[in-house]
Amino acid sequence: MSPNRVIVWFRNDLRIADNETLIKAIQSGKEIVPVYCFDLRMWAKTALGLTKTGAIRTKFLIESIRNLRESFQKLGGNLIILQGKPEEEVIKLAEKLKVGAIFYSQEVTSEEKTVDKSLESAAFAKGISTESFWQSTLYHIDDLPFPVSQTPEVFTHFRKAVEKLVKIRPTGSTPSKINFPSDLDPSLLGSLPSLQTYGLEKPARDVKSWMEVEGGEHSGIGRLRSYFWEKDLLKDYKETRNADRDGLQLQIFAMAGIGCISPRLIYEEVKRYEKERKKNDSTYWLIFELIWRDYFRFIAKKHGDKIFNIRGIKNQEDSWSRDKSQFEAWTEGMTGVPFVDANMRELNATGFMSNRGRQIVASFLVNDLGIDWTWGASYFESQLIDYDVCSNWGNWMYVGGVGNDPRENRYFNVLRQAKNYDRNGDYIRLMIPELQAIKGFDIHQPWDLSTSQLRSLKIQLGHTYPHALRKIPTLEKA
């Protein structure tokens, strides 16, 4: 093996800026071989028959890998693309290239950690060293004011401790030069897969494509700067995030989810905005949400597979319904409750849903239908373009009442939420065209209209739009 050559195995760190793994490899003075492996297990079917990574998420990932390859090409190198199990394919490549070491980012959940252990064991057997680096959070794990095993169970306690006691590390440098191997066989480079590789169909473009975001570091940094500096919208983020038509939530957290942008880069850009433009509750709120993201990652590391267990970290008894027909109605946006259905249809069409929408549809599935919260988490995993394993499962535990929430009841009254966030029903008209003839707030409660009123609008409940699966509490009872 050559001690002068190192593989940098990319995972959820698909960037060259502020990438600790890449920086450490460059500092070693060795030749750098960048590698990404499409792990076919990401497209396996779940017990519910869902593809773990749906078409919109997959498209975004492929675009991000393409952009990463282009970044290395601009620096005079390339990105090797593999298909299969990383713990096997990366080792095979390392042997073929006589690599002395493999560097990669640390993950916290069991599937990824199992891969790590297998890769480390196989590498050791071949005389190849491995080294991993923590870089997925705003606050570095080594800087926490408590051991991970003592991470506070209440978010507020976590937030106050880190804000008071921890200094966020500055971003690392962006390489302008990388020592790539000069004798790399072009046949080893591999090609990008397509959606068809995984049996997926290209997502259809429609009127909801305003949320379409191209994956990749270049796109992510460009959109961040556009939102902050060109459109000057960050100062209003807290007020607009629950009806996020400019997509900051999607752009930021989709990019952060697979590492096209680091949380520290986002943080530094917010601080620069506060210094040069405006500092207010909205600018802090984006940092606040990055801290939430950190919190769920450390909770996942603390509790392990409990975050995926129906009993959650509270170990509560399983008493959930598993009505597949109702669950499918929820996934398809056909529950008969317009505000729920509109949000689910947006998710299916764009891979995105606003922060408030996620809370509403999750509450409806769990509290109104009483359906297994892990089913909802699995569906979000398949569909959300900004999917993050720790945040997704942590939030769903939260809604399911088996997570870290000190409150017992997180019920969201759908009509009250509709009144607060879509009083005139414009969102429903956009997402549910079969109801668009209904004027005003009535569109949120079509069951209150008489049969003759609905007939005059060419709407027939149970035919053109379904009857509600559950009777929704009125505003007066909310």
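Model, not experiment: these values are computed from the prediction.
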Please check if any side-chain donor atom of [X] sits under 3.5 Å from a side-chain acceptor atom of [Y], or the reverse.
X: W229; Y: E276; result: no
X: Y104; Y: E120; result: yes
X: S105; Y: Q135; result: yes

Using atom types as modelled and distance alone, determine if a side-chain donor or acceptor of [X] lies under 3.5 Å from a backbone N or O of [Y].
X: N19; Y: D13; value: yes
X: E217; Y: I16; value: yes
X: N280; Y: K235; value: yes
X: N392; Y: Y387; value: no
X: S382; Y: Y379; value: no
X: R264; Y: T171; value: no
X: D18; Y: G172; value: yes
X: W330; Y: V361; value: yes
X: Y295; Y: E153; value: yes
X: S282; Y: Y237; value: yes

(message) Before you tell me yes or no, could you show the steps for F412 and V340 under side chain to side chain contact (heavy atoms under 4.5 Å, CB included), namely the whole-Å CA-CA distance, both residues' side-chain angles and the distance that decides it to 0.1 Å?
(response) CA-CA 11 Å; F412 281 77; V340 171; over 6 Å; no
Taking 4.0 angstrom as the limit, do [X] and [Y] come out as a salt bridge?
X: D388; Y: R297; answer: yes
X: D386; Y: R358; answer: yes
X: K324; Y: E328; answer: no
X: E87; Y: R41; answer: yes
X: R66; Y: E63; answer: no
X: E201; Y: K59; answer: no
X: E274; Y: K271; answer: yes

(message) Applying salt bridge (Lys or Arg N to Asp or Glu O under 4.0 Å) as the test, list every pair that has at least one member in residues 418-427; sequence neighbours left out.
(response)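 Sorted result for residues 418-427: D426-R429.
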Spacing of [atom1] belonging to [X] relative to [atom2] belonging to [Y], to within rounding of 0.5 Å:
X: M344; Y: M334; atom1: CE; atom2: CE; answer: 13.0 Å
X: R169; Y: D143; atom1: CZ; atom2: CG; answer: 4.0 Å
X: W134; Y: E107; atom1: CH2; atom2: CD; answer: 8.5 Å
X: T151; Y: F296; atom1: OG1; atom2: CZ; answer: 13.0 Å

Aromatic centroids of [Y] and [X] separated by under 6.0 Å:
X: F10; Y: F72; answer: yes
X: W320; Y: F327; answer: no
X: W292; Y: F155; answer: yes

(message) Parallel, tilted or perpendicular, judged at 30° and 60°: which one describes the rings of F38 and Y36?
(response) perpendicular
Do [X] and [Y] have side-chain heavy atoms sitting under 4.5 Å apart?
X: S71; Y: H218; value: no
X: I472; Y: Q445; value: no
X: V389; Y: V108; value: no
X: F339; Y: Y421; value: yes

What is the minimum heavy-atom distance between [X] and [Y], and which atoms define it?
X: P193; Y: Y198; answer: CG-OH, 3.3 Å
X: T174; Y: A17; answer: OG1-CB, 3.4 Å
X: C390; Y: A300; answer: SG-CB, 3.6 Å
X: I438; Y: P446; answer: CD1-CB, 4.1 Å
X: W447; Y: P338; answer: CZ3-CD, 3.9 Å
X: G215; Y: N67; answer: O-CB, 4.5 Å

(request) Give the intermediate values and the outcome of side chain to side chain contact (heavy atoms under 4.5 Å, CB included) for residues F380 and N395. (result) CA-CA 11 Å; F380 271 28; N395 270 308; over 6 Å; no
(message) If the test is salt bridge (charged side-chain N to carboxylate O under 4.0 Å, His left out), which one of R11, K117, K52 qualifies with E111?
(response)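 By the salt bridge (charged side-chain N to carboxylate O under 4.0 Å, His left out) criterion, E111 pairs with just one of R11, K117, K52: K52.
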(message) Apply salt bridge (charged side-chain N to carboxylate O under 4.0 Å, His left out) to residues E289 and R293 and explain how you reach the verdict.
(response) CA-CA 6 Å; E289 291 183 344; R293 185 174 174 272; over 6 Å; no
